[in-house]
Asker: 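Would you mind keeping the following structure in view while I ask a few things?
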Amino acid sequence: MTAEQLYGLCGAGLVGLGLFGLITAELPLRRIVAFNLLGGGAFVVFGVIARRGAAAGLGGDPVPQALIITGVVVGFAATALAVTLVRRLHEETGTTKFDQDELPPETVKLSDATLSGGNP
Amino acid sequence: MLQAGGSLLVLALMLPVIGILLIMSLDARHTGKIALALMPAGLAVALAIAARVWTTQAGLEYFIGGWAPPLGVALRADGISAVMLVTTSVVIGAAGLFARAEFRQPDNQPEARAPLMFWLLLLGIWAGLNAVFLGGDLFNLYVALEMLTFAAVPLVCLSGKAETLAAALRYLLFALLGSALYLLGAVLLFGAYGTLDIALLAARIAAQANMASPVWPLALWVALALMTVGLLAKTALFPLHLWLPPAHSGAPAAASAVLSALVVKASFFLIVRLWFGMLPGLTPWLGAQLLAALGAAAILFGSVLALRQARLKLLVAYSTVAQIGYLFFVFPLAANPAASTASAALAWTGGWMQLVSHALAKAAMFMAAGLIAETLGHDRIAGLGGVARVVPITVIAFALAGASLMGLPPSGGFVAKLLLLSAAVSQGLWFWAVVMLLGGLLAGGYLFRVLSPALGPLPAGWTPAARIPRDRQAVALVLALGAVLLGFAPLKSYDLLQFGRPAIAGAVTR
Amino acid sequence: MGEFLTGSACFVLAMVALGLVRILRGPADADRIMAPQLLGTGGIAVLLLLAAATGAPAVVDVALSLALLAAFASVAFVLAKGSPAPGKADEP
Amino acid sequence: MSLLRDLFTVLMVSAGGFCFLAGTAGLLRFPDALTRLHALTKADNLGLGLIVLGLIAQAPGPLGALKLVAVWLLAQLAGATATQVLARAVRAEGRDSP
Amino acid sequence: MSAALILDACLVLLVLAVAVWTIAARETFPAIAGFVSYGLLLAIVWVRLSSVDVALTEAAIGGGATGVLLLGAAARLTDRAGRRPAGIGLRIMAGALCLAITAALAFVILTLPDPAPTLAPQAVAGLPATGVGNPITAVLVAYRGIDTLLEKIVLLLAVIGVWCLTPDDSWGALPAPWGTARQDDAIVLLARLLAPVGVVVGVYIVWVGADDPGGAFQGGTILAAMWLLVMMAGLIAPLPATSRRLRRVLVAGPALFLAVAFAGFAMSGDFLSYPPAYAKWLIKLIEAALTLSIAAMVGVLVIGPAVRKR
């Protein structure tokens with residue numbers, strides 16, 4: 001087994017683990033972490049593909065390597081947005097559970113401010 | 001290669017981006033003006049692209065920076081891109097006009113949050129949509145999809161209410177899962193074919209399929225499955241629709257209009273790009289039938305749930321879940337190996353007609369629902385009595401949009417469903433035809449639930465919660481009229497949808 | 001020489017792995033937050049060894065970045081702990 | 001000369017590795033958070049220092065050697081600060097480890 | 001079996017073990033402590049995959065920004081563990097699904113074409129036209145500059161999205177991500193000593209990025225971390241979302257990039273093309289502006305919005 005294959009399997013495993021966490025975790029923060037594992041796995045697979053493309057005196061194909069950097073940045077931005085959303089939800093409701101049927105019924109009612117887009 | 005049209009494609013992509021950068025760096029008072037000024041310009045660019053595609057009868061293509069794929073990134077516009085670009089600028093422009101008064105910065109006061117954010121996010125959605133419709137590169141399209149997600153999710157919770165925050169979080173998690181699966185698929189395709197450019201991928205995949213001893217391209221099918229599932233989560237096709245109703249019903253009306261009319265269609269557009277553009281003549285027949293089956297389930301399930309909603313905006317949102325289902329009949333009907341070219345083309349046109357007419361009708365309907373809710377101070381269907389007497393134009397807009405959704409002649413929705421229906425019947429796939437008819441009936445049912453009380457008498461001693469200016473009602477009406485008038489479009493104009501389309505019928509792997 | 005350095009990197013990594021098992025099990029949060037600390041120091045050692053083993057000087061820059069950011073997790077943790085969020089506790 | 005340099009590197013790196021071993025043993029054996037913290041930072045930072053010392057002999061030039069020293073100094077600073085603030089946090093948590 | 005392969009095997013096992021821990025831990029905080037370790041381990045993985053540029057990114061993001069973000073959230077949120085874990089049926093179904101996907105992926109990865117298709121020769125062949133020596137920088141700023149430009153807009157939209165989560169009554173207020181805790185001497189000392197060094201390192205990493213591993217994003221993230229550090233120490237206050245200065249820094253990089261891209265139409269005939277004579281300097285200029293904007297964006301994303309007034 002070559003190192004590339006080893007890391008390729010690692011990436012595949014990370015994807016599976018992340019996906020499992022994303023489906024089964026109850027708390028949104030855990031789902032965010034699972035999403036990051038999943039993304040990390042996808043990037044590792046991409047990194048293996050880059051490594052396999054080593055040529056022209058380079059240790060790897062620079063195109064996928066550059067795209068991974070872009071992907072990591074986008075993933076970070078997604079994490080930041082999601083974490084902020086979770087924290088705000090926690091601030092408003094005292095919990096981060098977001099299943100509609102778990103919210104107290106009165107919060108489901110659409111209030112006037114919602115209709116006018118929160119522009120009091 | 002038509003580098004000459006390239007500046008148009010770049011401009012379509014960059015106009016909204018310029019708007020975002022300007023708004024961020026200038027005083028907040030100019031926010032709405034900047035955004036609204038860009039909208040006619042964007043429409044003009046979209047129309048120019050459509051005109052060019054029409055006159056050249058082929059797609060436009062531009063290699064950014066002069067770097068040809070696979071090293072560089074290509075922008076491409078074919079007939080369907082042009083149609084989507086025009087539809088997008090119309091709906092975004094209408095949403096801008098509709099929201100102009102609502103999201104105005106207060107005079108002589110410190111900057112307010114919601115107006116600033118609304119316009120920035122609306123431009124963000126526009127930029128993301130244009131990038132999706134023009135993108136020719138799978139990774140560039142991934143970035144475009146993320147733009148769309150990052151702009152759409154905050155719009156859902158613009159009001160900051162707890163229930164909208166929960167809806168936005170759920171939407172974000174679905175969308176992120178979708179992007180991650182899409183990216184994974186793109187990665188595998190790069191590993192197997194060494195390019196991310198859709199046209200080059202199509203050529204390399206076709207070359208592989210034509211080899212004397214065809215390799216079983218497992219990478220291709222795994223990638224296609226991952227990307228399709230990821231994009232379905234973003235399109236909210238049943239059973240991945242759970243996030244849509246709370247998200248679309250909680251957003252401000254103008255935002256709901258854009259989200260329901262356009263944003264969910266962007267990922268559908270990409271599925272079509274993959275299935276027809278990347279795999280010309282190789283569309284997996286079983287997969288196409290599966291997509292149609294999910295579409296059929298969406299139509300029935302979404303309609304029944306719409307029938308059971310107590311709130312108007314949720315009803316409209318579930319109607320979106322149902323109407324998205326029709327789009328997926330394109331897959332078996334336009335890629336049927338047994339179908340004639342004419343019949344496949346019929347289905348193709350019908351699918352895109354459904355997309356455009358639903359975009360206009362649903363935008364109008366969400367705007368109308370928002371106005372009704374503003375007038376009444378609530379949006380409970382049980383309390384809609386007599387609302388037609390207060391805001392008649394709005395209710396007319398709602399009814400016209402509803403007629404298109406039901407598929408009543410002579411609306412655009414009617415033509416769309418007729419085309420799909422006749423394609424299904426002529427190809428002997430009558431069961432899809434039955435579902436379409438049933439969906440029309442159910443749509444009639446849930447719309448009747450709204451219109452019947454709305455046209456009734458006003459309860460005694462009722463006072464409106466808000467006065468609705470005429471021009472906002474007019475925006476909804478114009479969009480609804482557009483959806484209806486689409487049915488009168490000359491048949492010749494449908495050819496636009498076919499330009500640059502890869503040959504799809506007659507050569508499908510079973 | 002390369003083999004020896006790579007082997008040493010492997011040894012340090014194994015030590016880090018063992019320590020990680022202990023730390024992540026807790027019991028206190030302050031125990032667990034030592035994990036990034038441990039991986040910071042150990043990771044820097046591994047990277048420096050690898051840089052020398054493979055003759056890739058740029059890898060030292062990665063170690064430099066890790067060293068710069070090594071205290072971040074602990075500091076963020078302590079600050080966040082110091083100011084518990086407002087909002088009612090979740091029902092048990 | 002080269003042999004002597006390599007020997008120095010091997011010695012120093014081995015000593016550094018031993019320090020990591022000691023640190024991990026401490027982590028595994030020590031009873032509470034404060035002592036574990038102690039084991040972690042003291043031993044590992046010493047280990048890193050020895051490894052850096054050993055690698056300086058292999059460094060391509062004075063600039064490379066300087067960078068290695070900088071890495072070690074930064075790690076020291078980070079370790080010292082983290083230990084300080086974490087120890088306080090452990091105390092605040094009320095020594096809940098037996 | 002060589003030492004390198006043993007190292008790779010150890011690393012893969014460790015990464016997978018930490019990932020399993022992150023998913024399986026019952027409580028949130030240990031899971032996130034595990035996740036931060038996972039980020040640091042990935043940096044080593046990237047070095048092993050000969051992607052030093054990515055390793056730098058991963059070290060800056062995984063070791064700095066994401067860790068601060070997640071640990072801060074985990075320490076604050078009061079619901080630490082799920083009340084009822086997902087049903088056993090769901091877990092089995094999800095497990096089977098994920099196992100199938102992992103198996104399919106593994107099979108695809110093991111049967112990828114050999115020799116692998118690669119764009120490395122083309123990327124190297126294009127280098128003279130860009131004037132830079134690091135092919136990854138050439139991909140990011142020249143060949144596929146559009147991705148980078150749109151990615152900056154994605155970051156900007158994320159900033160807008162985060163700001164959008166400010167409660168209306170707090171719009172314009174200062175974010176207080178670390179509460180109003182009194183200054184901690186140790187952290188103040190760290191900030192005073194580390195921040196100047198960090199700024200030098202950040203600028204260095206951007207500077208060498210033209211020819212060696214490094215670049216705007218890696219350097220910018222390190223600068224952001226230093227900005228965060230001095231804010232953590234309470235030495236300077238965070239900027240409010242209404243700060244015009246902050247907004248201008250945020251858009252400076254993307255705006256300059258866009259301006260140069262449009263100027264490409266006039267100067268060398270194509271959007272996002274560089275006239276070869278000035279390419280290297282234009283790219284350095286863009287990288288410098290992007291670094292500042294990225295530092296501001298990452299900083300704002302970690303700080304988050306102002307919270308509700310009480």
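Heavy atoms only: backbone and side chains are in, while hydrogens, waters and symmetry mates are out. Convention: sequence-line order gives letters A, B, ...; per-chain numbering from 1.
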Asker: Please state whether the side chain, the backbone, both or neither of A/Val45 comes within less than 4.5 Å of a heavy atom of chain E.
Answerer: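 Side chain of A/Val45 only, per the 4.5 Å heavy-atom cut-off to chain E.
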Asker: Step by step, work out the side-chain hydrogen bond (donor to acceptor under 3.5 Å, both in side chains) result for A/Arg51 and E/Ser50.
Answerer: CA-CA 7 Å; A/Arg51 180 80 183 83; E/Ser50 321; 3.1 Å; yes
Asker: Of all of E/Ile23, E/Leu105, E/Thr66, which one pairs up most often with chain A through heavy atoms under 4.5 Å apart?
Answerer: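 The candidate making the most pairs under 4.5 Å is E/Ile23.
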Asker: Quick check for you: among E/Ala158, E/Ala116, E/Gly304, which has the greatest number of heavy-atom pairs under 4.5 Å with chain A?
Answerer: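 Of E/Ala158, E/Ala116, E/Gly304, E/Ala116 has the most heavy-atom pairs under 4.5 Å with chain A.
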Asker: Could you tell me whether the side chain of A/Arg30 and the main chain of E/Ala25 form a donor-acceptor pair under 3.5 Å?
Answerer: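 Looks like yes, one N/O pair under 3.5 Å.
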Asker: Could you look at E/Val159 and say if it's the side chain, the backbone, both or neither that has a heavy atom under 4.5 Å from chain A?
Answerer: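 For E/Val159, there is no contact with chain A at all, as no heavy atom is under 4.5 Å.
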Asker: What part of E/Val52 gets within 4.5 angstrom of chain A, counting heavy atoms only: side chain, backbone, both, or neither?
Answerer: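 Neither; nothing under 4.5 Å.
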Asker: Using heavy-atom distances under 4.5 Å, tell me whether E/Leu69 contacts chain A through its side chain, its backbone, both, or neither.
Answerer: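 Contact with chain A involves both backbone and side-chain atoms of E/Leu69.
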Asker: Please evaluate residues E/Val54 and A/Phe43 with respect to the criterion side-chain contact (heavy atoms from CB on, under 4.5 Å), reporting the C-alpha separation (whole Å), side-chain torsions for both, the decisive distance (0.1 Å), and the verdict.
Answerer: CA-CA 10 Å; E/Val54 185; A/Phe43 295 137; over 6 Å; no
Asker: For the backbone of E/Pro135 and the side chain of A/Gln65, can you confirm whether one donor and one acceptor N or O come within less than 3.5 Å of each other?
Answerer: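 Checked: no pair found.
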Asker: Given that the side chain runs from C-beta out, which part of E/Leu301 has a heavy atom under 4.5 Å from chain A: side chain, backbone, both or neither?
Answerer: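 Both the backbone and the side chain of E/Leu301 come within 4.5 Å of chain A.
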Asker: Relative to chain A, which of E/Ala123, E/Pro115, E/Pro113 shows the most heavy atom pairs under 4.5 Å?
Answerer: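 When all of E/Ala123, E/Pro115, E/Pro113 are compared, E/Pro113 has the most.
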Asker: Which heavy-atom pair separates E/Ala120 from A/Asp61 by the least distance, and what is that distance?
Answerer: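 Between these two residues, the closest heavy atoms are N-OD1, 3.6 Å.
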Asker: Tell me, out of E/Leu56, E/Val124, E/Ile136, who's got the most heavy-atom pairs with chain A below 4.5 Å.
Answerer: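 If we count pairs closer than 4.5 Å to chain A, E/Ile136 comes out on top.
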Asker: At their closest point, which heavy atom of A/Leu9 faces which heavy atom of E/Ala106, and how far apart are they?
Answerer: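 The answer is CD2-CB, 3.5 Å.
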Asker: With a 4.5 angstrom heavy-atom cut-off, could you sort out which part of E/Thr221 is near chain A: side chain, backbone, both or neither?
Answerer: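 No part of it gets close to chain A.
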Asker: Looking at side-chain heavy atoms only, is the closest gap between E/Leu11 and A/Tyr7 below 4.5 Å?
Answerer: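 With C-beta onward as the side chain, the pair touches.
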Asker: Work out which heavy atom in E/Asp8 is nearest to a heavy atom in A/Ala3; give both atom names and the distance.
Answerer: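 Smallest heavy-atom distance, with atoms named: OD2-CB, 3.3 Å.
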Asker: Would you mind telling me which of E/Thr22, E/Asp147, E/Ile101, E/Leu42 has the largest number of heavy-atom pairs within less than 4.5 Å of chain A?
Answerer: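 Top option by heavy-atom pairs under 4.5 Å: E/Thr22.
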Asker: Looking only at heavy atoms, what is the nearest atom pair of E/Gly161 and A/Leu81, with distance?
Answerer: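 Distance-wise, the nearest heavy atoms are C-CD1, 3.7 Å.
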Asker: Side chain from CB out, backbone as N, CA, C, O: work out which of these in E/Leu16 comes under 4.5 Å of a heavy atom of chain A, or both, or neither.
Answerer: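 For E/Leu16, heavy atoms of backbone and side chain both lie under 4.5 Å from chain A.
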Asker: Minimum heavy-atom separation for E/Leu49 to A/Gly47, with atom names?
Answerer: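 The pair with the smallest heavy-atom distance is CD1-C, 4.1 Å.
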Asker: On a heavy-atom basis, which atom in E/Leu140 and which in A/Ala66 lie closest, and how many Å separate them?
Answerer: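 The pair with the smallest heavy-atom distance is CD2-O, 3.6 Å.
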Asker: In terms of heavy-atom pairs under 4.5 Å, which option from E/Leu110, E/Val302, E/Val108 contacts chain A the most?
Answerer: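 Going by pairs under 4.5 Å, I would pick E/Leu110.
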